[in-house]
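Scroll down for the structure; my scribbles are underneath it.
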Amino acid sequence: MRAAARAGLLAATCVAVVVSLFPFYWMVRTSIAPADETFFQGIAWFPSAVDLSGYARAWTDGGLGRAMVVGLLQTLSILALQLLTCVPAAYVLAKVRSRATGIALTAVLGCLLVPSQVTLIPLFIGVNVVGWSDSLVGLVLPFTTSAFGIYLIRQQMMTIPDALLEAARADGLGHFRRLTSVVIPMAAPGIAAFSVFSVFAHWNEYLWPLLISRSPDMRTPPLALAVFQQADVGYDYPALAAGAVIITAPIVVLFLLAQKPFVQGMSGTEITG
Amino acid sequence: MRTRSIARAALVASVLPLAACASDSGPDASTAAAADIADCDPADSTLTITHQPPAAEAVAVAVEAMNREYPELEITVNAVQAATYDEFTRTVVGDIAVGNRPDMIVSGLGQLPFWVEQYQPAPIDVDALPATYRRAFLTAGTIDGDVYLAPAQVSVPFLAVNQTMLDQAGAGDAEDIRTYDDLIEAARKVTAMTGQPSVTIATHNIPDWLSQAFVQGAGGTFITGDGRPAFGDGLGVDAISIWSRLHAENLELGIVQDAESQAAFDSGTAAFLVTSSAGIAARVENIGDAFEWAAVDLPTVNGEQGPAPAGGNGWIVLSDDPCRAAFANAALAHLLSTDGVLAASGTSFSYIPVDTAAAEELLASDAVTQQTTYAWSFDGEITPWGGWRGDATAEVIGAFRTMAQQLQAGADPEQTIQTAVTTIDQLVAE
Amino acid sequence: MTLPAAVAMTVFVALPALLSLIGSFFEIPLTGGAWRFVGFGNFTDVLSDPAVLQAIRNTAVYSAITIVPSLVIGLSLALLANAAGRGRPFVRTVLFLPMTANLVAMAVVFSWMFSYPGGFVNQVIGLVGAEPVNWLGDPATALPVVALVGIWRTASLTMVIFFAGLAAMPAALDEAARAEGIRGLRKLFLVTLPTIRPTVVFATVLAILSSAQVFDTINVMTQGGPRGSTETVLTMTWRIGFGYFDLGAASALAFLLLVVLVGIGILQRRTLSGWGR
């Protein structure tokens, strides 16, 4: 019985692992297979030959090098702005009890529910009127703050004992000092977790850059892939897959490096294993 | 100008940008006729070119030539990373709505009425086009006798046939397929051999274009002179019902997405593919030596060879300033010069060259194959694509998509096509 | 200290949303021309359009077939990853991976896998003698397939959240349950789930949000087709606004979705704001 249960568990784990990984594998496989093997080759687990020309086209025709730099600047700028706005706000919402913060919290939760498409058109028009289209500012600014970030970081800060803050206050520390010397260090895992979320979301963001960026110099990584998906001319599958691999790789690496603090931040506790 | 920018600043300050733009982008920004370029100072003017990826090479050629000719002219190139002409239109409309009106854009030929009706572009200076430009193609950019668009990269629908599979099935020669009956007979043999449907005609991206090609190819009328649907007659129904005829005998794969349908052909699953000649180069690249194949004219219901609707894209001048319009026309001459066309139709593409010298050069190049020759030497008669009322274009295409997908799934042709006629008639009449 | 966030939230979320609401009472031709007040005209127009009604139905179906499986699978995966022995870090890492995927790129990969007639999935079902299925070309299967991609991604997200919630469970609780002889499903329902209730609520809200706002995968895989079978409220909003250039009607539809989401949010507000206390 125990053995059967364990075997079942093992089988379920294997299935889950395969299902999670398979699309990634298929992406890599397509990126290195000759063009005529993209589709319908039966269950060919491995391509018959390795053809890396897709990577060369992705890098040169897709301008991925430049796009990755733009993507990095955009992602990091957004992250910096979001941390600057979210952390203090989260602190107030977590540790200052008043009618006003209650209302503010409701407002944050409300904003969390606003689908991006609702705000897309007014934002697009606003950014253009101010003249920030096709610029890093235009790519970054609408994401200055994040309701999700405030919410997530606030949850982490809720776990900080009030007594600790009281002690800091007794020592004569103002809100700002309490925030920097007590709250931020203790909420670091939550802040890290949100940072990972933010980087994932904005590195992969498609719609907003599509509306904002114009010149080849302002392409973000997902936009660079559009060159290989021309409806009129036909798709370049190996280059598309190679491009997908190139833009996914940094995120996966980041994730491998950051997953421990990430999970810790989500749970607010040390994890083992 | 000054009061306008102050007003704009005030509105931004009062955080009502949305209202600002809607009232600002109206008819006051209508198009200007081109001035005499000799009266224009390049240092005082600018030129903004907005295009999408397939035009990139030609734009590079033209910008270089313009920089040489008018070193002081400030040229801005916006390369929109759109995958389809619709997506591109959407982006440019957004740009114009907020006051960033480009001087020239590359438009899908099917979108021409939309641009002409909504943004009143200036007619193109036809005399300024190079002598070797194939003026017959201007038909595809003409509305009510005025040329608003100069075709740059032209394509027509064609039939791709896997000759290797035909030989194996003893189904004859690709070149002999002239009618639907020929196609069906050959397809039956291939399907009997492989045990699965052998034809693929995708219905997602260009159902309206293919329908037009089927009807016009048979000598029928697709759209009336005043933009009403005319394909509801017997010939039109017979021509468009190709999907249901193939479905009835289980000969059509039923693939909806164009890229997937092309892949079915490239991989040797489907022996017959109806698609755009723009994709011939991609087929050559993907198929390599895997099998023999041929590009032939679309078969028609009665064997007639009527004019094809021109696909692809061309340039529209949208300038709202006479001097910028003049420079746009000058740039156009470079875009459509032999060098520009060689870049646009070049060996990595398979657009029909709009320049005779470029066509000759391409046909003499190493990249020439039976299939690319089909595109590069195309000499048939063409007509504009569609011609539906501009602001209904997207919805009309939607109606065609619904019709084609119903037929592809085996719906009754007469009823389905009449429903489409009624729907489209209402859309264009509104 | 909340000022920067408050200003940013007002300018970039609340104000645009408000403008959208105002816009939904006007006819706004994006291609130029003046606004025209139409009252509730846009709302009655969209709600009487069969294509929009189909999109609303599709969104409901999509949500129904993604939310619950995403949560159940996410929880199972979290329990599985927790139970894994020596391979635990590896299993955990792998199961988190779908969350990192670029949906635009991944949707392309899924279209290849589900392509007809010879895509990977059809090859696999061919092994057991099944006929190939036109997954993305048949209105009956297109929405479930798109939903499958949604589950693949969202389950990974909810799993992270559940995993974190489980990790935060006091070890003493585990021991107490063992001492009482409570294990298996009884333990899950009697001990684990009640303890991580706020986590469950949070995961549920995220799953609802990501389902109701599905866009990228549909835009790449089916563009709403075939025959409108995968059109959702947001793809429809996009089509009306930027395909038909009718911003007023698009705003009206987007706003209806917002009302529903905020409604769900209000129902969950108490639990949400209390989580972590």
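The sequence lines fix the lettering, A, B, ..., with proteins before strands; numbering per chain opens at 1.
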Interface residue of largest heavy-atom contact number with chain C, from B:Q257, B:R90, B:Q118, under 4.5 Å
B:R90
Looking at B:E249, I want to see if its CD is surrounded by more than 12 non-hydrogen atoms of other residues, nucleotides or ligands under 6.0 Å.
yes
Does B:E260 form a side-chain contact (heavy atoms from CB on, under 4.5 Å) with C:F114? I'd like the steps, not just the answer.
CA-CA 10 Å; B:E260 216 178 305; C:F114 282 97; over 6 Å; no
For C:N134 versus B:I255, what's the shortest heavy-atom pair and its separation?
ND2-N, 4.1 Å
Please look at C:W135 and chain B and tell me whether the side chain, the backbone, both or neither of the residue comes under 4.5 angstrom of a heavy atom of that chain.
neither
Residue pairs passing the salt bridge (Lys or Arg N to Asp or Glu O under 4.0 Å) test with at least one member in residues 197-209 of chain B, sequence neighbours excluded, are none
Restricting to salt bridge (charged side-chain N to carboxylate O under 4.0 Å, His left out), what partner residues turn up for C:R239, sequence neighbours left out?
C:E231
Listed by number, the residues in residues 394-407 of chain B that come under 4.5 Å of chain C (heavy atom to heavy atom) are B:A394, B:E395, B:R401, B:T402, B:Q405, B:Q406
Contacts of type side-chain hydrogen bond (donor to acceptor under 3.5 Å, both in side chains), residue B:N78, not counting sequence neighbours
B:T50
Closest non-hydrogen atom pair, B:T269 against C:P117:
CG2-CG, 3.5 Å
Using heavy-atom distances under 4.5 Å, tell me whether C:Q223 contacts chain B through its side chain, its backbone, both, or neither.
both
Are C:F245 and B:T89 close enough, and set up right, to give a side-chain contact (heavy atoms from CB on, under 4.5 Å), and what steps lead you there?
CA-CA 10 Å; C:F245 303 116; B:T89 301; 4.2 Å; yes
Any chance you could measure C:F242, atom CZ, to B:T91, atom OG1, to the nearest 0.5 Å?
8.5 Å
